[in-house]
Amino acid sequence: MGAIQALRGTRDILPEEVAYWQRVEAIARGVLDRAAYREVRSPLFEQTELFARGIGEATDVVGKEMYTFRDRGDRSVTLRPEGTAGIARAFIEHGLHARGTQRLWYGGAMFRYERPQAGRQRQFHQLGLELIGCAAPRADVETIAIATDILRALGLQRLRLQLNSVGDAADRQRYRRALIEYLTPYKADLDADSQGRLERNPLRILDSKDERTRAIVADAPSILDALGSESQAHFTAVQQQLSDLGIDFALDPCLVRGLDYYTHTAFEIQSDDLGAQATVCGGGRYNGLIEQLGGPVTPAVGWAIGIERLVLLLQELTPPPAIAPDLYVVSRGDRAEAQALVLAQKLRHAGFAVELDLSGSGFAKQFKRADRSGAIGCLVLGEEEAATDTLKLKWLPVQEQTTLPQAQLLATTAELHARLNSLRHQ
Ligand code: ATP
Ligand code: MG
């Protein structure tokens with residue numbers, strides 16, 4: 001019988017890689033806390049209709065990528081392909097608009113049926129943020145600044161912020177007509193996907209990856225020329241305030257988010273260190289979403305960072321975060337092993353990270369594993385130590401060794417902590 005493997009587009013994240021994930025999460029949490037954002041957790045699956053209404057039938061996500069199935073009660077259920085629709089539903093369901101501006105963040109798995117490749121999976125993870133209830137350009141800028149803070153705090157340098165405005169619904173309607181008018185004579189030359197989008201979702205043609213389509217799109221009218229005066233003022237303010245914060249950006253009039261509820265600011269943060277999947281963060285304003293889902297008219301802005309892509313970058317740039325115990329316990333012989341088990345437990349209760357060698361193998365092999373573990377101290381219990389209730393304490397980085405009563409070690413844990421710290425930072 002063949003061994004069962006993980007499904008295509010899903011992967012296991014093993015401990016060495018998890019260390020990177022935890023670093024991302026810890027740094028992001030710090031930045032978000034300091035900006036007064038609070039975590040929310042919404043379900044991993046929702047009624048299919050939430051995404052159909054909230055993301056839009058004409059998008060790739062809803063049209064081609066959703067994991068949709070009927071549950072045992074014959075309801076159509078979908079694994080969440082992104083986080084915003086669920087948060088918007090929760091905002092409405094819990095009447096959060098009554099509590100003033102909401103600064104929320106979330107993290108977790110998302111599901112899209114895509115063609116798997118590096119940085120593109122079927123189960124992937126996002127960290128996202130939503131600032132709901134504020135229409136001011138400052139809100140757009142605050143969220144962008146938080147994304148850049150997180151990425152910079154992680155040590156990423158070669159980042160590019162691409163910025164655009166997709167205007168309000170009226171601007172988009174006007175632009176949509178101009179775009180269809182411009183593209184229609186070229187219809188036969190567009191790639192097949194773009195031909196299909198011409199009537200349904202022509203803005204999406206702007207970010208086609210097909211070369212011939214791109215050449216045609218290069219001379220298309222710019223959405224920035226179609227903005228009404230209010231949209232123009234909003235966009236100008238966003239650019240000014242980004243400059244005030246020293247955040248560089250480039251305008252990209254072809255940057256249109258795939259999701260229909262976006263209005264005004266759209267942005268992406270890309271990295272020159274990633275290949276084809278260059279975008280680590282995508283976001284923008286979505287003033288139309290909450291109303292479209294049956295809630296009160298509510299302005300909002302947010303973004304999502306793809307954690308897999310971020311971790312790929314970090315693995316290139318930085319050594320793996322160390323995951324080593326403070327102390328490694330080596331023992332041999334029945335009595336020594338029994339004492340070592342108790343000692344390790346007491347040391348953990350005193351705040352040390354302790355790895356107990358359970359192999360029962362010879363001392364030489366256990367010492368080798370102690371070295372490889374990265375531990376600072378190695379505790380050794382053999383038959384002799386067991387008979388006298390003592391142990392050997394070896395400081396591995398300096399190859400120093402003392403013998404002392406077990407009770408003494410447990411009575412002087414403050415000194416042990418101090419010595420560990422000084423050796424760790426040598
Ligand atoms: P793309 O153009 O790369 O498909 P998208 O526009 O579909 O991206 P968003 O919906 O804006 O992406 O999601 C935000 C971020 O989530 C992306 O910038 C990316 O980092 C990450 N992401 C999206 N889809 C995937 C996926 N299938 N696998 C891994 N990460 C993903
Ligand atoms: Mg996509």
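Note that the numbering runs from 1 along the sequence shown for the chain. In listed order, ligands and their atoms are each counted from 1. All values below were derived from every heavy atom in this structure, side-chain atoms included, with hydrogens, water molecules and symmetry-related copies excluded.
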Original post:
Heavy-atom distance to atom 31 (C) of ligand 1: which of Trp303, Phe124, Tyr113, Tyr262 wins?
Top reply: Phe124
Original post:
Does Lys64 come within less than 4.0 Å of Asp193, counting only side-chain N to carboxylate O?
Top reply: yes
**OP:** For Ala88 and Ile290, work out which heavy atoms get closest and say how close.
**Re:** CB-CG1, 4.0 Å
Subject >> Residues that His234 engages under ring pair (Phe, Tyr, Trp, His ring centres under 6.0 Å), provided they are two or more places apart >> reply: His264
Original post:
Of the backbone atoms (N, CA, C, O) and the side-chain heavy atoms from C-beta on, which set of Val61 has a member under 4.0 Å from an atom of ligand 1: side chain, backbone, both, or neither?
Top reply: neither
Original post:
To which of Glu268, Arg122, Arg309, Arg120 does the heavy atom nearest atom 2 (O) of ligand 1 belong?
Top reply: Arg120
Original post:
Any non-hydrogen atom of Glu308 lying under 4.0 Å from ligand 1?
Top reply: no
Subject >> Val354 backbone acceptor or donor facing Arg348 side chain under 3.5 Å >> reply: yes
Original post:
Counting from 1, what ligand 1 atoms have a heavy atom of Ala304 closer than 4.0 Å?
Top reply: 14 (C), 15 (C)
**OP:** Taking only heavy atoms of Glu114 into account, list the atoms of ligand 1 that are under 4.0 Å away from them.
**Re:** 24 (N), 25 (C), 26 (C), 27 (N)
Original post:
Looking only at N/O atoms, are Thr279 and ligand 1 under 3.5 Å apart anywhere?
Top reply: yes
**OP:** Could you say whether the N/O atoms of Gln121 and ligand 1 ever approach to under 3.5 Å?
**Re:** yes
Original post:
Is there side-chain contact between Ile305 and Leu151, with heavy atoms separated by less than 4.5 Å?
Top reply: yes
Original post:
Among Gln126, Gln117, Glu82, Met110, which one has a heavy atom closest to atom 15 (C) of ligand 1?
Top reply: Gln126
Original post:
Do any N or O atoms from the side chain of Glu57 and from the backbone of Val62 form a donor-acceptor pair under 3.5 angstrom?
Top reply: no
**OP:** Could you list which atoms of ligand 1 come closer than 4.0 Å to a heavy atom of Gly119?
**Re:** 28 (N), 29 (C), 30 (N)
Subject >> Between CG on residue Asp171 and OG on residue Ser165, distance to nearest 0.5 Å >> reply: 7.0 Å
